[in-house]
Undergrad: 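Take this structure, written in C-alpha cells, and hold onto it; I'll ask about it next.
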Amino acid sequence: MKNIKTISALLLAAALPLFASASATITPDGDGLPFGVCSHPHKSREINIRELLFDKMKEARVQWLRDDFSWWKVEEQKGKFDFQVFDEIMDSLDARKIKMLGILTEHDANGKSAFKKRKEWLEYIAATVEHFKGRVQYWEILNEPDLYHGTPQQASEYGKLLKEASSLIRKIDPNAKIVYTGLAYGEKAYLEASLKECDTSKFDAIGIHTYPAPTPPEDTIAARVKLLNDAMDKFGGRKPIWITEIGATTCKSAKGINLAKAAAKKFGLDKKQIVAMKFGAFNSAPLAKLIFPEAKNIRKIGLKKIKSLDENCVLVLPAGQHFPSEFVKDIADFVKIGGSAIHIGGYPFIFDDNGRNLGNKGISQIGANITPHWNFSPKLPSRAKLKEVKNLQVIDNADTSDLPTLRCFDFDDKFMPAGAELIPLVRFEINGKTITPAAAYKMPSGGCFVSIPSDDSNYVSDEYQAAALVRNYIYSLSAGIQKIFNYNFRSHGEVSLYEGSFGLVRKDLTPKPSFYAFRTLTTLIGAYPKISYKETEGICRADWTSPDGQPVCALWVKRGLPKKVELNISAKDFKIMEISGKTAKSGSAESPTKVGIKLSTTPVYVIGANNITL
C-alpha cells in the first residue's frame, strides 16, 4: 500500500511545465506488435479463472492486454492503495510476455467521478503509476468519457484532466506513454474541444472505439482515421492511432422469444416448414431453434433462395436492423403469396448492408409501418420497461419475462393492403400515448409478418465475427493504425446478452472461429507491418510479407454476394489458406497459372506467390 503523503509530494512536483512544443512526427512505439485484446481479469467474473484465461491468450498469440486499473478497486479504503490483484495479474502477463495497456479509470469506491474529485483522482494516478513504474509503460486516461460527459464543455474538462494526468505521469515515470482515451462516439466537436484544451504534445497515441459489424468495416475505419488526423493536425500534430476497442457480438438469442412463440402458435406457424437464413454476417438458425424448439428440420437458405419459398414456409429473419435492401422485395412477395416471416430485433430493414439508413422503405414494401419514438411530439423514450407502463396488453397473455423492455415504436396500417389485418402483440400506454410496439400483419393470402422490436443490437454469426476480425486488423494496419485491441477476449455472458457475447472464446474458454482467425493472423503479420491495400470493383486486396519472408495476399468481397474469380499465379509453391489456418488449395506454378476461386466477405490468404493478378 502507498502512503497518501508521498503521493501528494509527487503531485506538487508534477505541477512544473514539461512541454515546449508539439511534434507532428509519428515515431515507432518500441515493439511494433499490433495484436491486442480487452479483458477484465481483475473483476469477479474472471478473477478465479485468470490463469486459464491467460493461458488461452498465450495460445492465441495475444501480444497486448487492455484492462482497467480501477480506482474503486485500487483504493477501496480512502487513502490506502492496494495493488495486490494487479500485481498478480502483471506477474502472470510478464510470465507469458503479454504487455499491458492500463486504463486509469473515472470513479472511486463511492462512485464519485474524477471530474468532481480531481485532487483525489490524481492521487490515485500517482500511486498507481509509481507502483507499476517499469512494469506498465502505457496508460490510457479514462474510458469513453464522451459516453456520459459528451458536451463540448465536458470535452474541455476531459482535456484538462488529460493534461494534468499527463504531466503527473511523465514526472513520475519519464518512460511512460500516455494514450488519449478511446472515444465511444468520436464526434468532431468533442474531439476538437478536448484537444483545444490539451494538444497532442500531452499524449503519445490517440484511441478510438468502433463497432462496424455487420456493415463493412473498411469505410468506417477510414472515416475514423480521417477524423482523428484532421483534428490532430489542428492541435499539435499527428500521433499514432490505436483502436482500443473493436469487435462484433455473437449473441445466439434475442429478447422476446416467448412472445414470438406465442405469436407463432396463435397464427399456426409452428405447423409449417421452418426456414432460417445464413448469409454474410448472419445466421438465424439458432434463433429459429429457440422460437421453434420442436422443429425437426430447420432449412437454411441464402438470399437468392427467398424467391423459392412457398406458402408452407416460415422464414425466421436475422436478429437486428440490417438487411440487404435489394432482397426486401423478395420477402414482401413471399408474404403476399401466403408465406410468413418473423423478425426479432430493432426497426426491421432500416439499414441496408452498407449501413445506410433507409427509414420505412423496407417494411413499407411488406405493408407494415412504424412511427418511431423520435417522431412523436414530444418524443417518447427510446425504450419502455414493461413493468412500468400503463394498461399493458399482451397477446394471449404471453410470458414476457424475457422481454424487460420494448422499443417505443408504434406499428400502424398506413401501408397495409386492403383486406389485411394489423394484430397487436403488445399494446400499452406511455406518457399519455397508447402505442403498439410489437405487431403481426395478417395478409389476405394468409401470410403473416411478425415483428418484435425488442432490441437494436447488431448480432452476427460466429463465422462472420471471425471474418470481421481479420478485416478489422488488416485494413486498420494498412491505414497506419498502430495497435488494435479486439473487444472482448472472453464471452463472459454477463451485463447483457449483447455485451456478454463479444469474445474470441466462449464463457467456458472453448474457442470460437474468431480465436483461430486471430491466431492465424498473428502468424502471418509480424512487428511493424507494411500492408498495401486497394479495392477494385468490390474486391478488396491487401499485400504484405509474413515474418518468415513469404508474400501474403488477402482477398475478399467488400459486401454482397460471393464472386467467382480467376487468379493468375506464378510461384514455385503456393497455397490458398482459409482464415482458420486450414489450407484450401496448394500447388506449384513456375509459369502463370489460372486458379479459380470463389471470394466472399470472408477473406482468404494466398501465400507464397509474388505475382498475383485477377
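One-based numbering along the sequence shown.
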Undergrad: Is Arg506 paired with Asp462 through a side-chain N to carboxylate O contact shorter than 4.0 Å?
TA: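 Salt bridge between Asp462 and Arg506, a charged N being under 4.0 Å from a carboxylate O: yes.
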Undergrad: Going by an N to O cut-off under 4.0 Å, is there a salt bridge joining Asp402 and Lys261?
TA: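 No.
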Undergrad: Hey, are the side chains of Ile395 and Pro424 touching, using non-hydrogen atoms and a 4.5 Å cut-off?
TA: no
Undergrad: Can you give me every donor-acceptor pair (side chain of residues 327-345, partner residue at least two apart or in another chain, under 3.5 Å) with its distance?
TA:
| unit_1 | atom_1 | unit_2 | atom_2 | d |
| --- | --- | --- | --- | --- |
| Lys329 | NZ | Asp333 | OD2 | 2.9 |
| Ser340 | OG | Cys448 | N | 3.2 |
| His343 | NE2 | Gly320 | O | 2.7 |

Undergrad: Of the non-hydrogen atoms in Tyr441 and Asp412, which two are nearest, and what is the gap between them?
TA: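 Reported closest heavy-atom pair: OH-O, 2.6 Å.
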Undergrad: Whether the side chain of Asn357 engages the backbone of Gly359 through a donor-acceptor N/O pair (distance < 3.5 Å, no angle test) should be reported.
TA: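 Answer holds: yes.
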Undergrad: Any idea how Tyr487 and Phe502 line up, ring-wise: parallel (<30°), tilted (30 to 60°), or perpendicular (>60°)?
TA: perpendicular
Undergrad: Indicate yes or no: does Lys558 engage Glu218 in a salt bridge with an N to O separation below 4.0 Å.
TA: no
Undergrad: Going by heavy atoms in the side chains, are Leu303 and Glu326 under 4.5 Å from each other?
TA: no
Undergrad: For Ala554 and Tyr605, which heavy atoms make the closest approach, and how far apart are they?
TA: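 Closest pair (atom of Ala554, atom of Tyr605, distance): CB-CD2, 3.9 Å.
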Undergrad: Looking only at heavy atoms, what is the nearest atom pair of Leu259 and Leu425, with distance?
TA: CD1-O, 4.1 Å
Undergrad: Is it the case that Lys56 places NZ or CZ above or below the six-membered ring of Phe515, under 6.0 angstrom from the centre and within 45 degrees of the axis?
TA: yes
Undergrad: Given 3.5 Å as the limit, does a donor-acceptor pair link the side chain of Thr434 with the main chain of Glu429, or not?
TA: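 Checking the backbone N and O of Glu429 against the side chain of Thr434, no donor-acceptor pair under 3.5 Å is found.
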Undergrad: What class does the angle between the rings of Trp374 and Tyr347 fall in, given that below 30° is parallel, 30 to 60° is tilted and above 60° is perpendicular?
TA: parallel
Undergrad: Which of these, Leu183, Ile243, Asn143, sits in a side chain to side chain contact (heavy atoms under 4.5 Å, CB included) with His209?
TA: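 When side chain to side chain contact (heavy atoms under 4.5 Å, CB included) is applied between His209 and each of Leu183, Ile243, Asn143, only Asn143 qualifies.
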Undergrad: Between Phe323 and Phe282, does the ring centroid distance fall short of 6.0 Å?
TA: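 No; Phe282 has its ring centre 6.0 Å or more from that of Phe323.
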Undergrad: Can you name the nearest heavy-atom pair linking Val426 to Pro437, along with the distance?
TA: O-CD, 3.1 Å
Undergrad: Name the one of Phe35, Phe489, Phe485 that satisfies ring pair (Phe, Tyr, Trp, His ring centres under 6.0 Å) with Phe518?
TA: Phe35
Undergrad: Take atom NZ of Lys266 as the centre, draw a 6.0 Å sphere, and report whether it contains more than 12 heavy atoms from other residues, nucleotides or ligands.
TA: no
Undergrad: Taking the side chain as everything from C-beta on, heavy atoms only, tell me whether Leu309 gets closer than 4.5 Å to Ile301.
TA: yes
Undergrad: Check whether any side-chain N or O of Gln321 sits under 3.5 Å from a backbone N or O of Phe351 as a donor-acceptor pair, and report yes or no.
TA: no
Undergrad: So does Ser532 get a backbone contact from the side chain of Asp543, meaning a donor-acceptor N/O pair under 3.5 Å?
TA: no
Undergrad: Could you walk me through whether Leu287 and Ile257 pass side chain to side chain contact (heavy atoms under 4.5 Å, CB included), step by step?
TA: CA-CA 8 Å; Leu287 183 61; Ile257 298 297; 3.6 Å; yes
Undergrad: Return the orientation label for the His373 and Phe409 ring planes: parallel under 30°, perpendicular over 60°, tilted otherwise.
TA: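 His373 and Phe409: parallel rings.
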Undergrad: Does any non-hydrogen side-chain atom of Ile298 lie less than 4.5 Å from one of Val316?
TA: no
Undergrad: Side chains of Thr536 and Arg541: closer than 4.5 Å at any heavy-atom pair?
TA: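 When only atoms from C-beta onward are counted, Arg541 and Thr536 do not touch, as no gap falls below 4.5 Å.
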Undergrad: Is any side-chain heavy atom of Val275 closer than 4.5 Å to one of Lys305?
TA: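 The answer is no, as the side chains (C-beta and beyond) never meet within the 4.5 Å cut-off.
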Undergrad: Stepwise, does the side chain to side chain contact (heavy atoms under 4.5 Å, CB included) test hold for Arg224 with Ile241?
TA: CA-CA 10 Å; Arg224 290 299 182 97; Ile241 298 172; over 6 Å; no
Undergrad: State, yes or no, whether a side-chain contact exists between Lys575 and Lys585 at a heavy-atom distance under 4.5 Å.
TA: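 When only atoms from C-beta onward are counted, Lys585 and Lys575 do not touch, as no gap falls below 4.5 Å.
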Undergrad: Over all heavy atoms of both residues, which pair between Met443 and Pro417 is shortest? Give the atoms and the distance, please.
TA: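 Taking Met443 first and Pro417 second, the nearest heavy atoms are SD-CG, 3.9 Å.
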Undergrad: I'd like to know if the side chain of Asp410 reaches the main chain of Thr436, judged simply by a donor and an acceptor atom lying under 3.5 Å from each other, with no hydrogens or angles considered.
TA: yes
Undergrad: Strictly by modelled atom types, are Lys512 and Thr250 linked by a side-chain donor-acceptor pair under 3.5 Å?
TA: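 Note: Lys512 and Thr250 side chains meet the donor-acceptor criterion.
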